[in-house]
Amino acid sequence: MRVLHFYKTYYPDSLGGVEQVIRQLCVGTSRLGVTNEVLTLTRSKADPVLEFEGHTVHRVPLNFEIASTGFSLAAIGALARLSQQADVVHYHFPWPFMDLAHFAARVNKPSVVTYHSDIVRQRHLLKVYQPLKHRFLHRVNQIVATSPNYMASSAVLDRFRDKTRVITYGLDKDIYPEPDAGRQARWRAEVGDKFFLFVGVLRYYKGLHILLDAVANTDYPVVIVGAGPIEQELKEHAQRLGLTHVKFVGALDDADKVALLTLCYAVAFPSHLRSEAFGISLLEGAMYGKPMISSEIGTGTTYINIDGETGLVVPPSDPQAFGAAMRTLWENPAMAQAMGQRAAQRYEDLFTAAQMAESYAALYRELHEGAAG
């Protein structure tokens, strides 16, 4: 079984949540006999083809971007060529150029779309793109929603309910580095051993301004891991608020991230818009047995974090409510610890990479056998 994944960014250029899901899918399904390849765009002139964790990554030049959508003429030819060698083509939505490329490359293999998120921000461009989007989603064989919450709350998925199923994301803890005692000691010396942790790309929908406002006039230590387009804006906001107890530590490798996930008291995840369709770093917090604070935005974040069970869930864009939740966890360590234990159990029950890989491998076989029959 040969599967071709198509997405705008991937390792080693980008380390976001969708890329992590594709990575986990490729590693997990390869253990079940699937040969995976990934086609992606790059600004780099080096390594057009490379091997990564047992799968092949094909990188074609990114020509230009419009409204955060990358375009590549070479991608159309590469998609046509590589799809001919594949049994199933696996698309990762949203990426409007991908829809166009599917038709331009005349892909005629069984296809599945993982619907990672609605398009939230570019509303005017969405009106222009909508006919192509609906045609593309109508043409593919199967759509996968990433949580029952998102399936229930997405108007787009409701339109295609008859061909949509739910397969949640999963993570394999074994591919993360083992916590390193020396590294943990260095971080403990820098940030202490009781702090709230945020991990993620610093984007508009992550709600970090809400987190900063929530800890104004408190002394709760907060460590923010990640880089991104609004990093400077957030640092200036923290400076205006006089937040000396908030540390921006930049993008870190997995070993440092694991050290901080292991050390932290709780995970703060203030995403306030539906662009945050799931929350991979929130799931990482559950995997490491940490209580979580998140907002109710009708997406997978509240499938990971169950209010009062694995953490606390508050209304979006409400710094006072978010701060009150932080205070509740901070002042009740026994409750926080119990929530963290239940979060780890929920990860084991629902969110392992093995479960995700088995579900997708079964879907690939179903699509392949359906095409052959």
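Just so it is clear, the structure is predicted and the values come from calculations on it, not from any experiment. Any value given below was found using the heavy atoms of this structure, including those in side chains, with hydrogens, waters and symmetry copies removed.
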Tell me if the centroids of the rings in Phe351 and Tyr303 come within less than 6.0 Å of each other. yes
For residues Ser30 and Asn36, is any side-chain donor paired with an opposing acceptor at under 3.5 Å? no
Pairs in or reaching into residues 39-62: which pass salt bridge (Lys or Arg N to Asp or Glu O under 4.0 Å), with residues at least two apart or in two chains? Asp13-Arg59, Arg23-Glu53, Arg43-Glu65
Side chain to side chain donor-acceptor pair (under 3.5 Å) test vs His92 passes for just one of His116, Lys8, Glu19, namely His116
Taking ring pair (Phe, Tyr, Trp, His ring centres under 6.0 Å) as the test, write out the residues that go with His58, two or more places apart. none
State whether the side chain of Thr301 and the backbone N or O of Ser294 hold a donor-acceptor pair below 3.5 Å, judged by distance alone. no
Using the salt bridge (Lys or Arg N to Asp or Glu O under 4.0 Å) rule, collect all pairs that involve residues 93-114, keeping only residues at least two apart or in two chains. none
To the nearest 0.5 Å, what is the distance between NE2 (His368) and CG (Asn141)? 13.0 Å
Does the ring pair (Phe, Tyr, Trp, His ring centres under 6.0 Å) test come out yes or no for His102 and Tyr91, once each step is laid out? CA-CA 9 Å; His102 169 80; Tyr91 296 108; 5.3 Å; yes
Nearest heavy-atom neighbours spanning Phe269 and Gly279: CZ-CA, 3.7 Å
side-chain contact (heavy atoms from CB on, under 4.5 Å) against Gln84, all qualifying residues, sequence neighbours excluded: Asn108
For Trp95 and Thr69, the nearest pair of non-hydrogen atoms, with its separation, is CD1-CG2, 3.9 Å
Between Ile119 and Pro96, the two heavy atoms sitting closest are CD1-CG, 4.4 Å
Cation-pi between Lys173 and Tyr288: NZ/CZ under 6.0 Å from ring centre and within 45° of the ring axis? yes
Carefully, step by step, assess His90 and Tyr360 under the rule ring pair (Phe, Tyr, Trp, His ring centres under 6.0 Å). CA-CA 10 Å; His90 190 156; Tyr360 270 105; 5.2 Å; yes
Of all the heavy-atom pairs spanning Ala361 and Thr29, show the shortest one and how long it is. N-CG2, 4.4 Å
Could you report the tightest heavy-atom contact between Val313 and Asp307, atom names first, then the distance? N-OD1, 2.9 Å
Under 3.5 Å: donor-acceptor pair, side chain of Lys194, backbone of Trp330: yes
Applying salt bridge (Lys or Arg N to Asp or Glu O under 4.0 Å), can you list everything that pairs with Lys290, at least two apart in sequence or on another chain? none
Sequence-distant partners of Arg165, salt bridge (Lys or Arg N to Asp or Glu O under 4.0 Å), two or more places apart: Glu366
Kindly indicate whether a cation-pi arrangement holds for Arg274 with Tyr205, taking the cut-offs as under 6.0 Å to the six-membered ring centre and within 45° of the axis. no
Could you tell me whether the side chain of Ser295 and the main chain of Ile297 form a donor-acceptor pair under 3.5 Å? no
Taking every heavy atom of His209 against every heavy atom of Leu234, the minimum-distance pair comes out as N-CD2, 3.8 Å
